[in-house]
Amino acid sequence: RDSKIPEPPEGHRWKEVRFDNTVTWLASWTENIQNTWKYIMLNPSSKLKGEKDWQKYEVARRLKGVVHTIRAQYRRDWKSKELKKRQRAVALYFIDKLALRAGNEKEEGETADTVGCCSLRVEHIQLHAQLDGQEHVVEFDFLGKDSIRYYNKVSVEKPVFKNLQLFMKNKDPTDDLFDLLTTAFLNKHLQHLMDGLTAKVFRTYNASITLQEQLKALTNPEDDVAGKLLSYNRANRAVAILCNHQRSIPKTYARSMQVLQQKIDAKKKQVEEAQEEVKKAEDEFKDTEDAKAEANLEKKKKLLKRLEEQLAKLNIQATDKEENKQIALGTSKLNYLDPRISVAWCKKFGIPIERIYNKTQREKFAWAIDMAGEDFEF
DNA sequence: CAAGGAGACTCAGAAAACTTTGC
DNA sequence: GGCAAAGTTTTCTGAGTCTCCTT
């Protein structure tokens, strides 16, 4: 603190050596190709990053307390006399319900043509008064962050639908859907509703609350560890779908699926054979009615049951793999799910934490592992 | 005094590196 | 018990969000 600022080592062209406790980086420079900033920052396992992460989830938990009021308010604003407020209210509805990103404006041409909520254009949505037996369906199709496609058909509340029709009236496909709205305006409003509230907090909040609810709904205390872990993965997957976290289909997918399918086919055959055996044993027992034949029948039945169970397990595995082939679970696990929810779940159901988090993740979430008991509620 | 840009930080999936599994 | 393939973890660095300061 009181020590003298050291001189930059000779033979280098450092700009400066500085003391600055308002930032968290250790070194920075401007990258010379694109003129962007580069930083050396601390590891996620560091105290500094851990505390920041904790804070983030605490803000999301505060949102939980006021989200009902906020929802009531944006519903009222759907009928506002000010068009700008209506746009804000509809956009916020999307951000809340669909976990869309804020959608800052970005420089045209220089960067990929991707959008978020506030930067949606007319061409990115289609309205269907009626679709697949649902009313007021909005069909989204646009490229989001990292040019990942967002495609979704959602039934929305009638006032939202009416408003969207209004916003689209007399506009070209390339016009902004929310032409009166900016992320700055939206975030200023959110800040006013709750200290520290911004658009992205909704993503964190909805992701975490979804995990908690799904875990509650899916976990069967009777299941073994593998069964419970499957439930956990499904809860995690629900969140990844909500946040649209995708991945390209793994190169090994087709092959490993094929191998699995072979296993399934082989198992099916075994089951069929076992069924034959049972039938045979049944006939024999009917004929002879002796104890030996009965015992044999029971044995065959038992075998059949075991094989059927194994088949069912393989089928689940295949379904799981199939469902997961385009979905990336890592991003939500690392960035959106309050780790205390997972820690509490592990403690409650006696699942070792290392089945959920690997070594690096346990280091990153050390604060949560320390803090959360089995009855932690997000 | 609002608009806009600089700056700082979080979040994203792909690819490389490493570990485990199944033969 | 060794080796290839499959699966997992780590690394990489670009793409977003949002704050704050300048104009």
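First the proteins, then the strands, lettered A, B, ... as listed; each starts at 1.
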Closest approach to the side chain of [X], judged atom by atom: which nucleotide of [options] is it?
X	options	value
A:H245	B:dA8, B:dA12, C:dG7	B:dA12
A:Y336	C:dA6, B:dA12, C:dT10	B:dA12
A:A102	C:dA6, B:dA12, C:dC18	C:dC18

Any ion pair linking [Y] and [X] (charged N to carboxylate O, less than 4.0 Å)?
X	Y	result
A:K292	A:D290	no
A:K56	A:D53	yes
A:E277	A:K299	no
A:E213	A:K216	no
A:E82	A:K84	no

How close do A:C118 and A:L181 get, counting heavy atoms only, and between which atoms? SG-CD2, 4.0 Å
So, does [X] get its side chain near the phosphate of [N], meaning an N or O under 4.0 Å from OP1 or OP2?
X	N	answer
A:R255	C:dG7	no
A:T114	C:dA15	no
A:K56	B:dC11	yes
A:N104	C:dG16	no
A:T331	B:dC11	no
A:K200	B:dT10	no
A:T198	C:dC18	yes
A:R101	C:dA15	no
A:K321	C:dG7	yes
A:T111	C:dA15	no
A:Y253	C:dA5	no
A:K106	C:dG16	yes

[X] has an atom [atom1]; how far is it from atom [atom2] of [N], in whole Å?
X	N	atom1	atom2	answer
A:K251	C:dG7	NZ	P	13 Å
A:I249	C:dA6	CD1	P	16 Å
A:E105	B:dA3	CD	C1'	10 Å
A:I327	B:dA14	CD1	P	14 Å
A:I356	C:dT8	CD1	C1'	15 Å
A:K38	C:dT13	NZ	P	7 Å

May I ask you to say what [X] touches in the nucleic acid, namely base, sugar-phosphate or nothing, with a heavy-atom cut-off under 4.0 Å?
X	value
A:T36	nothing
A:I148	sugar-phosphate
A:K49	sugar-phosphate
A:A199	sugar-phosphate
A:T24	sugar-phosphate
A:N335	sugar-phosphate
A:K145	base
A:G330	nothing

Using distance alone, with no hydrogens and no angle criterion, decide if A:E105 and A:S119 have a side-chain donor and acceptor under 3.5 Å apart.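 Per modelled atom types, A:E105 and A:S119 side chains form no pair under 3.5 Å.
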Of A:R247 and A:D20, whose nearest nucleotide on DNA chain B comes first from the 5' end?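 This one resolves to A:D20.
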Taking only N/O atoms, report every protein-nucleotides 5-7 of chain B pair under 3.5 Å with atom names and distance.
from, atom 1, to, atom 2, distance (Å)
B:dG7, OP2, A:W37, NE1, 3.3

For A:Y336 and A:H245, take the angle between the two ring planes, folded into 0 to 90°, and tell me which bin it lands in: parallel under 30, tilted 30 to 60, perpendicular over 60.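 Ring orientation of A:Y336 relative to A:H245: tilted.
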Output, in order, the C-alpha distance, side-chain angles, deciding distance and verdict of side chain to side chain contact (heavy atoms under 4.5 Å, CB included) for A:C117 and A:L98. CA-CA 10 Å; A:C117 186; A:L98 306 174; over 6 Å; no
